[in-house]
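I have placed the structure first, in the form of structure tokens, so that the comments after it can refer back to it.
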Amino acid sequence: MATIESTSASSTSTQTTNYLLGKFWDPDKTVDALKQLHERGIRVHDVFTPFPLHGIEPYLGLKRSRLTKAAFVYGVLGFLSGIAMMYYMFGLSWPMNIGGKPSVPWVDFVPITFEMTVLFAAHGMVITFFIVANYWPGKQAQLMDERQTDDVFVIAIHEEDVVNRIEIESIFQTNGAYEVSQKSV
């Protein structure tokens with residue numbers, strides 16, 4: 001009887017990504033560096049900031065959010081659910097004739113349908129955002145720098161997108177980066 005032995009690597013291999021980071025104190029200098037990188041055709045992975053920097057979306061290649069379309073779909077779903085719920089309750093399940101009024105008074109449905117529309121749209125947008133952004137309870141944040149939530153602005157570039165590291169470092173340093181480093185995540 002022959003025995004076959006196999007040695008295999010661990011099936012759960014962790015894949016790390018390397019980033020070149022430029023760290024800034026000043027938000028205006030960060031935007032200036034981002035503009036220069038964009039003008040030279042250098043693709044920036046992301047910018048991590050303690051507060052929103054308005055107007056940087058085109059330099060990152062971000063498109064307009066589709067969350068508004070999702071909100072509309074969830075709102076329509078809430079509207080239809082409200083109408084169906086009230087029609088079932090007042091017209092089919094427990095019809096009442098009070099003073100000769102119709103058992104399905106469509107005008108009286110307006111407040112409830114409005115509230116159901118808002119309820120479904122709001123909750124649907126929050127749930128959709130959490131799914132798309134990969135947020136869930138207990139998820140550990142992957143920070144590029146421990147101070148990015150306090151006072152540091154970080155520009156991150158994939159190492160695979162770095163063609164000329166010296167050029168990128170010089171752009172960072174001429175725009176006031178206090179540190180240029182590399183990080184594996």
Among all residues two or more places apart in sequence or in another chain, which pass the side-chain hydrogen bond (donor to acceptor under 3.5 Å, both in side chains) test with Ser93?
-> none
Which pair of non-hydrogen atoms, one from Leu21 and one from Ala156, has the smallest distance, and what is that distance?
-> CD2-CB, 3.6 Å
Pairs involving residues 25-41, ordered by first then second residue, that meet salt bridge (charged side-chain N to carboxylate O under 4.0 Å, His left out) (sequence neighbours left out) | Arg40-Glu167
Taking all non-hydrogen atoms of both residues, which atom of Ser65 and which atom of Leu67 are closest, and how far apart?
-> OG-N, 3.0 Å
Within residues 55-82 or reaching into it, pairs that qualify as ring pair (Phe, Tyr, Trp, His ring centres under 6.0 Å) - sequence neighbours excluded = His38-Tyr59
Ile83 and Trp106: CA distance, side-chain angles, deciding distance, side-chain contact (heavy atoms from CB on, under 4.5 Å) verdict | CA-CA 9 Å; Ile83 294 287; Trp106 295 105; 3.8 Å; yes
Minimum-distance pair of heavy atoms, taken over all atoms of Ala121 and Ala71 = CB-O, 3.8 Å
Could I get the full list of side-chain contact (heavy atoms from CB on, under 4.5 Å) partners for Leu92, not counting sequence neighbours?
-> Tyr87, Tyr88
For Gln148, what residues pass the side-chain hydrogen bond (donor to acceptor under 3.5 Å, both in side chains) criterion, not counting sequence neighbours?
-> none
So the salt bridge (charged side-chain N to carboxylate O under 4.0 Å, His left out) pairs with at least one residue in residues 66-75 (sequence neighbours excluded) are none
Ring pair (Phe, Tyr, Trp, His ring centres under 6.0 Å) pairs, two or more places apart, involving residues 147-179 | Tyr19-His158, Phe24-Phe172, Trp25-Tyr178, His45-His158, Phe51-Phe153
By the rule that ILVMFWY residues connect when side-chain heavy atoms come within less than 4.5 angstrom, directly or transitively, which residues belong alongside Trp136?
-> none
So, do Leu60 and Leu34 sit near enough that their side-chain heavy atoms are less than 4.5 Å apart?
-> yes
Got a sec, which hydrophobics cluster with Val163, joining ILVMFWY side chains under 4.5 Å apart, including via others?
-> none
Here the gap from Ile127 atom CD1 to Phe129 atom CZ, rounded to the nearest 0.5 Å, amounts to 13.5 Å
Ala33 to Ile155 - nearest heavy-atom pair and separation | CB-CD1, 4.0 Å
Side-chain donor-acceptor pairs of residues 108-119 under 3.5 Å, sequence neighbours excluded:
unit_1, atom_1, unit_2, atom_2, d
Thr113, OG1, Phe109, O, 3.0
Thr113, OG1, Val110, O, 2.9
Thr117, OG1, Thr113, O, 2.7

May I ask you to test the Val76-Leu80 pair for a side-chain heavy-atom distance under 4.5 Å?
-> yes
What pairs of residues pass the salt bridge (charged side-chain N to carboxylate O under 4.0 Å, His left out) test when at least one of them lies in residues 169-185, not counting sequence neighbours?
-> Lys23-Glu179, Arg165-Glu169
To the nearest 0.5 angstrom, please state how far the CG atom of Leu20 sits from the CD1 atom of Ile42.
-> 9.5 Å
Which pairs with one or both residues in residues 41-62 pass salt bridge (charged side-chain N to carboxylate O under 4.0 Å, His left out), sequence neighbours excluded?
-> Arg43-Asp161
Considering all heavy atoms, the nearest Asn175-Gln36 contact = ND2-OE1, 3.1 Å
When you look at CD of Glu160, are more than 12 heavy atoms from neighbouring residues, nucleotides or ligands closer to it than 6.0 Å?
-> yes
Shortest non-hydrogen contact from Leu53 toward Ile56 | O-CG1, 3.3 Å
Nearest-0.5 Å distance that lies between atom CG in Leu37 and atom CD1 in Ile171 | 4.5 Å
